[in-house]
Every structure is written in structure tokens, then in C-alpha cells.
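All of these numbers come straight from a predicted model, not from anything done at the bench. The residues of the chain are indexed from 1 along the displayed sequence. Order of listing sets the numbers, starting from 1, for every ligand and every atom in it.
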Amino acid sequence: MKHVNRTPDQRPLDQEPEFNRFVDAAMSRRRFLKATGAAGTAGFFAATPIGQAVANTMPTRSQLMGFEAIPISTTDTVEVPEGYQADVLISWGDAIKKGAPAFSQSNNAQAQELQFGDNNDGMTFFLISNDRAVLVVNNEYTNNEYLYKHQGDNISADDAKKAQAAHGVSVVELEKIDGKWQVNLDGRLNRRITAYTEMEMTGVAAGHELLKTTADKSGKKILGTFNNCANGQTPWGTYLTCEENFNGYFANTSGSELGESYKRYGLGNKDRGYDWYKYDTRFDMAKEPNEPHRHGWVVEVDPMNPNATPKKRSALGRFKHENAALTINSDGYVVVYLGDDERGEHLYKFISKNKYVAGADSNRDLLEEGTLYVAKFSGTEGELTGTGEWLELTWGKNGLTPENGFPDAASVMIFAREAATQVGATTMDRPEWVAVHPDNQSVFCTLTNNKYRGVKDSQPLNAVNPRETNPYGHIVRWNPTNGDHTAGTFNWGIFVLAGNPEVHESGLMAGSDNINKDNMFNSPDGIGFDLSGRLWIQTDGKYSNKGDFAGMGNNQMLCSDPQTGEIRRFLTGPIACEITGLTFSPDYKAMFVGVQHPGEDLAPSNFPEGGTSIPRSSVMMITRSDGGVIGA
Ligand code: FEO
Ligand code: CA
Ligand code: CA
Ligand code: CA
């Protein structure tokens, strides 16, 4: 294998989970679960405070989901239920501007700047008029084995620039023709934002000494966004793109040991095989020690103005951002839930200083100022429910003082991870996407997996991350106290513990009671709600279909009824892909789903074109042949 440049998130899960030293304890906990309620799914949900309200009225089969579940797949196709169809909307390298070259593996950076970026991830559909829309899509990273004919040997300056051009965000106009959305190459909003597009840093960290570089003495003018994982959107029409594994692009050619504040973000002397540092001094920390501080933020993009400068929002903290789940609280404050996807990192919440006012110009600056919090979960191990509180990350409070290494307010945001540790936040099993239920009363977060929980001292078991090794992941749900997202406290319960009841007959590794042999999956990652409250769950897991993962097949998307807990498989992806990215047209009759890195690591995929073509990440459009609402 040659220079496969994956970040931790994109590395295959461990071949086999480490030896489970606590099987007996886990089994007794499973028995506890069984004992806390009636048999079946109702029992599991009745055992949680959240479930108690619905258990009595729970139907035997969800009325919310109107499709028949599909089986697992190991084929190189996208499968959907009967009555549905999946079409490729756009793939990496497809033109998004008139006159742009067609896809070829030999395309250079100039071509790539006019084409759809690689490894599509989070995305949002913005309707402009009945038959016109814009789809904004993150392009998380690149795979050397497909980006270059030489598969990553001797990356040249031109090669590095091409990779930079394939990162970032693609803004693509769609038009509806004969009832189907398709790409409009003439769209005036079509735009590529890349790893070298000019951006503006805003908020408390803007202009700080730690953000100044040779090329930018202001500490405010930053080039580029990269490793754009998932996303968010605002009611004032902007798109939020989240910078995740930014560390993988930096090298330190001096070879000297980096300080703790670098190590905490995974920065090391070597990059992950992109080689950008050889040609772009920004990526060599020996030359530009502050450049990494300029990445790891949430960036706000205005898709309706192709000339608008994207704004990095320092008030939302610097970490490995997964997505940004924004909701307007009943009193008008903007609340954004934010996961930091790394083993043993944390879950955050931002509350705006000012209120949202429908239609007001002032909304544009709402993410510039506010307060960041981090979650602390409490509970009794084995109960899978509990309470929690939000700990404030404000300079001068909770020990965030100069004596503890926080000289000013900006340092708390730039080193948010260290601030979270200082205040005593709960270490989590890799918080990925957060989604707010459309009733605005509950919030869900995927904890994708963690091989170190309970094994490494830094990651002790806790009530909300209850498995010693967690190869399968879980989803936690919490209700803010009194339905108030600005409240300092919440109640939580585990919505699903993914598991494999075929391999593990009992115990926590078999999964919660809403997991069975027909719907099992591992590593929940992307989640999102439709307007009717169906919870869609996408996976970024192990697709070996062997061992602990036997019977799980390729990565997939499932649909769930949050009231009953029932989970049904809706879509399966091609070989060696991740399913990530989810958005709908506002009538919910078209659903857009991302197929990311089919055939990664040279696995035998030719998706989507087949034949001997190289595999390409693609956005799929899912519709119903009867024109109905997806999932209903
Ligand atoms: Fe890019 Fe944590 O997924
Ligand atoms: Ca991925
Ligand atoms: Ca993800
Ligand atoms: Ca993931």
C-alpha cells in the first residue's frame, strides 16, 4: 500500500477489538437491562426516563416508517427499498462550471478548481425557488491511491495543489427538470472553496498573537479550509462547514518535540502523507508554528453570494469539529451543539450572546459572540440513563485562568480541548454528529466507537460510555431541562447501543434491545431528522463482514422511530465506502445521501460507473417511484 493518507477518523477500525477483560461485568449489566422492564424493545425504552412516556402506547411496528427493511449487502452498488430509486447526482471530478474539463485521473489543479471536490461529506440543500436550489457539500479529504495515477509516490508541487483544490466545499446549483433535480452548470452560484480560498477569522480569537503568521500579520486573514467533515445550516440561509482532522496536513521538519498544546490536537512531526508541507510553507510547523491554530474551526459560508468571504467562527471553539447542529431556542437564542470526534474528547454547546430575529440583518453576526459550554454526564454505571450539566468555558471562570495556562479569553477558544479538561468535562467515545429533533425537545449524538474505553487510564468507563471496548458505537439522547436549550442541565438516556447479537449472545456487546440480527450495524456517524421526526442513521464502520462484524455487510443507512426505538435498514452502500452526508428537498420527496471513498485502500470497487473505472465518491439522490415522501 502506498501512502494512504487517512486521518484517524478514516482509518479502518481495529482488526479485532482488544481482549475484553470485563465480559462477566458486561453480562451482568445486560441481565440488568433485561430485568428493568418487560421483554423486547418496550422494555429497553421503558427503562429510560425518556422511554417511560411512550412505552405504554408503543405500537408493535412503527407507523412512522412506511418502507420494508432491506438486507445487508456486500456488493458494489447502492441498494434501497422496493419502490425507491437511487441515482447519482454528482461525483468527484464532475464539472460544476461551464467549460470545465470532464473527469480524468490526469486532471490538474486548474481543472479540479472547476470540478466537484473529493470525498463528499456533510451537505445542505437550500431551496431558491420551485425549480431552483443550491446544494452545498463538504469535500473532506483525498485518497492518494485514486487522486494520482502514481498513487502517491513522489507527490509534486502540482499534485499537492490538485489535492488542495479537491478539498473544501462545493457549491452546486440544481434545477428541477421533469420533476427531477439535476446539476445546473450555468448556475451563477456554482463555486469551489478550497484549501487556499481566503477566509476571515472572527470573534474573540481574531487577531490574536497565536494566529499570526509570516504571510498574515493581522491574524485574521486565513487561507483555506480542509478536512471539512460534517455541517450545519442556519435559518438566515448560511452553511456551516466543520474542520475536523486538520492535524493530518501538518509536518514539523525541525524534528524537535512539539508542545502539549500541539500534541493534544494530534499534531506530530509527520503529516499523513499529503506532502503539502514540501511546497506550501504554511504546512511546515518549523516555519509557521501558528498555522495549525488557524484550523479546527467552524466556518460560515454564504451560498447565495459566490464572492462572500467565508468566516471562521472562533466563538465555537477549536477542536476536531464533526458537525454543528443549530437550533433556535424558544426565547430566540441560537444554540449550536458540537461534537469533537476523537477518543476521549468531548461534546460542546454554544449559546449566542444576541437573539435571532426573523429577517433581521443582525442575524449574520450571531455566531460571532456567545458562550461555549462542555458536557458533563452523571449516572450510575449500567443504568444507561442519568443527568448532566453544561460547564461554562469562559475565561476567568471554572479555573480558566492564567495560573492554569489560559492567559486570555482567546486562549480558551484556541485550546478548547484543554479548557474542557480543566473544567472536568466527560470523556466520550468519539462524539460525531448531533441532531436536534424537530419538536426541539430532544437532542441525539452518535458516539461512533472507541477501542480504548476502560483500557487506557485517560479514558475511564463512565455511565454514558458504558462499554470497556466499544467497537460498535452507540447513540445518546438528552432532553434539556424544561425543553430549554440554554438550560444548564439535562436528562439523558442511551437510544441505541449498536452490537452484534449473532456473535455475542448476551451482554452489552449484543447491543440494546432495539438491535437484532436483521438491523445490526456498527459505528453510527451521520445522523439527521426529517420533518416528521424520523431519525436517519449513517454508518462509518468496519465492513469486513467477519468476526465481530459478521452479518453487518457494507456501510449503510438506517431509519429509526425515536418514539419506539425501532430501527430499519434503508440503504446499503458499495464496497469499502462510508455513507455520510444527508439533506432533503423541503418537500422531503428527494433525499441526498453521500457515498464517500468507495474502494478505499484499493478495495475492489468501480462505483459508480462500473467496468474498470476508478471508484469515485458521489452524492446520490433518492426518490420514490410514486413521488411520495421519503421514509413515509
Ligand atoms: Fe469526518 Fe468524524 O467524521
Ligand atoms: Ca470517511
Ligand atoms: Ca463523520
Ligand atoms: Ca467516523
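- Contact detail for Leu582 and Trp536: the closest heavy-atom pair is CD2-CB, 3.6 Å.
- The name of the N, O or S atom in Glu432 nearest to the Ca ion (ligand 4) is OE2.
- Between atom 2 (Fe) of ligand 1 and Asp525 there is no N/O/S contact shorter than 2.8 Å.
- Nearest N, O or S atom of Asp525 to the Ca ion (ligand 4): atom OD2.
- Cation-pi geometry between Arg417 and Tyr265 is satisfied (NZ or CZ under 6.0 Å from the ring centre, within 45° of the ring normal).
- Between the CE atom of Met199 and the CD1 atom of Ile193 there is a distance of 5.5 Å, given to the nearest 0.5 Å.
- Ring centroid separation for the pair His597 and Tyr146 does not come in under the 6.0 Å cut-off.
- Coordination check, Glu322 versus atom 1 (Fe) of ligand 1: failed, since every N/O/S atom of the residue sits at 2.8 Å or beyond.
- Between His295 and Tyr249, the gap from one ring centroid to the other reaches at least 6.0 Å.
- Remark: at atom 2 (Fe) of ligand 1, atom OE2 from Glu244 and atom OD2 from Asp341 enclose 90°, rounded to the nearest 10 degrees.
- With 2.8 Å as the limit, Glu140 counts as an N, O or S neighbour of atom 1 (Fe) of ligand 1.
- Ring to ring, Phe103 and Phe116 are not that close: their centroids are 6.0 angstrom or more apart.
- Within Asp540, the N, O or S atom at minimum distance from the Ca ion (ligand 4) carries the name OD2.
- When distances from atom 2 (Fe) of ligand 1 to the N, O or S atoms of Glu432 are compared, OE1 comes out shortest.
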